[in-house]
2 protein chains.
Amino acid sequence: MTDKTHLATIAALLGEPARANILLALFDGRALTAKELAFAAGVMPQTASAHLGKLTEAGLLSVAAQGRHRYFRLADPTVAHMLESIMAVRAPEPQRIWRGGEALRNARTCYDHLAGRLGVALADSLRAAGHLVLSPDGGEVSAEGIAFLRDFGAEPHDGKRIFCRPCLDWSERRPHLAGRVGAALAERCFALGWVVRQRDTRAVAIAPVGLDGFARRFGFDAAFPP
Amino acid sequence: MTDKTHLATIAALLGEPARANILLALFDGRALTAKELAFAAGVMPQTASAHLGKLTEAGLLSVAAQGRHRYFRLADPTVAHMLESIMAVRAPEPQRIWRGGEALRNARTCYDHLAGRLGVALADSLRAAGHLVLSPDGGEVSAEGIAFLRDFGAEPHDGKRIFCRPCLDWSERRPHLAGRVGAALAERCFALGWVVRQRDTRAVAIAPVGLDGFARRFGFDAAFPP
DNA sequence: CCGATACTGCGGCCGCCGCCGAACAATCCA
DNA sequence: TGGATTGTTCGGCGGCGGCCGCAGTATCGG
């Protein structure tokens with residue numbers, strides 16, 4: 001009985017706009033309080049509380065109580081992967097542009113790595129230099145690529161996560177770089193101040209020093225359309 | 001406006017049990033008629049027709065009219081991947097067993113490759129022999145592995161799909177083998193008659209010759225619990 | 001100890017949507 | 001051509017569930 005209903009049960013949870021907004025707000029891996037999530041979902045706190053309870057009980061969220069706050073986060077990387085793969089399903093008509101969408105489309109975080117035009121451009125640059133092979137569902141970094149990244153200061157952490165993984169970019173419809181390599185690359189770009197996180201959005205800003213850096217190191221122009 | 005609502009829109013479509021059943025019935029890539037899908041969903045044909053219209057309009061299904069039949073199939077590999085990744089999200093309580101579930105759990109098709117205990121056992125066997133490296137989100141076949149598979153008669157087709165890809169098995173919670181290699185392996189097993197497709201289910205039966213073959217070639221006992 | 005803040009539980013309203021019965025359109029076969 | 005099969009459209013019923021107002025519990029600061 002579990003199998004056939006599992007898909008529908010999970011999907012029904014995601015299918016309500018308020019809950020979908022909650023999950024999207026948590027998509028980059030941060031932990032947020034119930035009130036913040038209520039605001040993100042656009043509903044009253046008691047409504048959000050009910051949603052959070054359902055999501056937690058279903059195992060999609062984990063919760064940590066700290067004082068009078070309760071911090072919610074995605075329970076598992078598989079949850080983030082699920083959200084990715086749903087958003088990667090092509091919309092039937094070409095994507096319409098939404099208010100403020102260009103910033104998201106240019107550069108954003110995708111869980112723990114960079115996505116959007118910036119993420120795809122980085123992946124393309126590495127591919128063109130022969131440092132990387134990437135297809136919609138597999139990827140590999142060459143020895144020169146590892147040396148290049150080390151020289152850049154992006155040393156992937158050890159861990160059981162896969163080294164190099166593609167992630168289908170839902171706005172560009174092409175894979176960008178994820179996995180430990182993608183995370184290390186993003187981390188280094190943040191550390192260098194090339195890109196800067198913004199409040200209340202997954203969009204990231206590209207700093208002037210980043211424009212210069214991406215051009216010098218990776219050979220592409222990160223001044224994407226406004 | 002499209003971005004934030006896209007997730008909820010898609011998920012709401014999957015969240016209805018009837019529609020989820022339709023998609024699961026199409027999960028292995030077959031094309032089925034509207035009436036067959038109505039039966040699979042457990043609803044009257046006119047209800048199924050409405051569901052199929054919505055799924056098609058949303059771009060999740062594609063349809064081909066042949067005479068008085070209309071054949072529906074998943075529109076895109078990304079749709080199958082989405083279904084996989086949703087089912088891979090861990091259920092909070094340990095999976096309960098459902099009626100007829102053991103067969104599915106033992107061996108089934110997952111889009112175009114083998115899954116369940118059989119799929120995981122195949123992957124484990126190849127790993128143990130040093131033919132394969134596989135982690136939850138990446139995989140690679142060694143040179144000896146390619147030779148072994150060629151000798152077995154599983155020659156992957158050319159194409160732009162990734163050569164070797166893991167696919168998280170939702171019943172075993174461990175990765176099995178997908179991608180062109182996984183498809184070729186499954187194809188060869190079907191061609192040899194080791195495994196046999198069943199009507200109206202994604203479960204596959206393991207033939208006696210298969211029991212012998214898996215033991216000889218891959219070194220594991222495919223006589224899983226009933 | 002008291003007020004303020006964060007969160008949860010309950011009850012009731014209301015709207016969306018899945019479902020089926022019936023009728024209609026399209027195709028195949030004899 | 002006429003009956004059988006497949007599939008779609010329409011209309012109305014019924015129920016599930018999201019939402020909020022209100023009330024209750026826990027925690028922090030002074």
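Reminder, nothing fancy here: chain letters follow the sequence lines and each chain counts from 1. Computed from a prediction, not measured in an experiment: that's the story for all the values here. Heavy-atom basis, side chains included; hydrogens, waters and symmetry copies ignored.
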message: Please enumerate all residues that pass ring pair (Phe, Tyr, Trp, His ring centres under 6.0 Å) together with B:His51, with sequence neighbours excluded.
response: none
statement: Those residues at least two apart in sequence (or on a different chain) that pass salt bridge (charged side-chain N to carboxylate O under 4.0 Å, His left out) with A:Asp76 are none
- line: side chain to side chain contact (heavy atoms under 4.5 Å, CB included) filter on B:Ala107, not counting sequence neighbours, yields B:Leu118, B:Val204, B:Ile206
- prompt: Taking only residues two or more places apart in sequence or in another chain, which ones pass side chain to side chain contact (heavy atoms under 4.5 Å, CB included) with A:Ala80?
  reply: A:Phe27, A:Leu74, A:Tyr111
statement: With a 4.0 Å cut-off (strictly under) to non-hydrogen atoms of chain B, the first and last hit nts on DNA chain D, 5' to 3', are D:dA4 to D:dT9
Just list the side-chain donor-acceptor pairs under 3.5 Å for residues 34-42 of chain A, sequence neighbours left out, or say none.
unit_1: A:Glu36; atom_1: OE1; unit_2: A:Thr33; atom_2: N; d: 2.8
unit_1: A:Glu36; atom_1: OE1; unit_2: A:Thr33; atom_2: OG1; d: 3.2

Test side chain to side chain contact (heavy atoms under 4.5 Å, CB included) applied to B:Ala205 - qualifying residues, sequence neighbours left out: B:Gln198
field: Side chain proximity check, B:Thr47 to B:Met44, heavy atoms < 4.5 angstrom
entry: yes
- request: Take the protein atom CZ of A:Phe39 and the nucleotide atom P of C:dA6, then report the distance between them rounded to whole Å.
  value: 14 Å
message: Generate the contact string for nucleotides 18-30 of chain C. Rules: B means base contact, S means sugar-phosphate contact only, - means no protein heavy atom under 4.0 Å.
response: SSBBB----BS--
message: Report for the helix from C:dC1-D:dG30 to C:dA30-D:dT1: angle between first-end and last-end helix axes, five pairs each, rounded to 10 degrees.
response: 30°
- request: Name all residues meeting the side chain to side chain donor-acceptor pair (under 3.5 Å) criterion together with B:Ser85; count only those two or more places apart in sequence or in a different chain, and write none if there are none.
  value: A:Ser85
query: Under the side chain to side chain donor-acceptor pair (under 3.5 Å) test, which residues partner A:Gln46, sequence neighbours left out?
result: none
message: Holding to ring pair (Phe, Tyr, Trp, His ring centres under 6.0 Å), I want the full list of residues that pass it with B:Phe152, two or more places apart in sequence or in another chain.
response: B:Trp194, B:Phe218
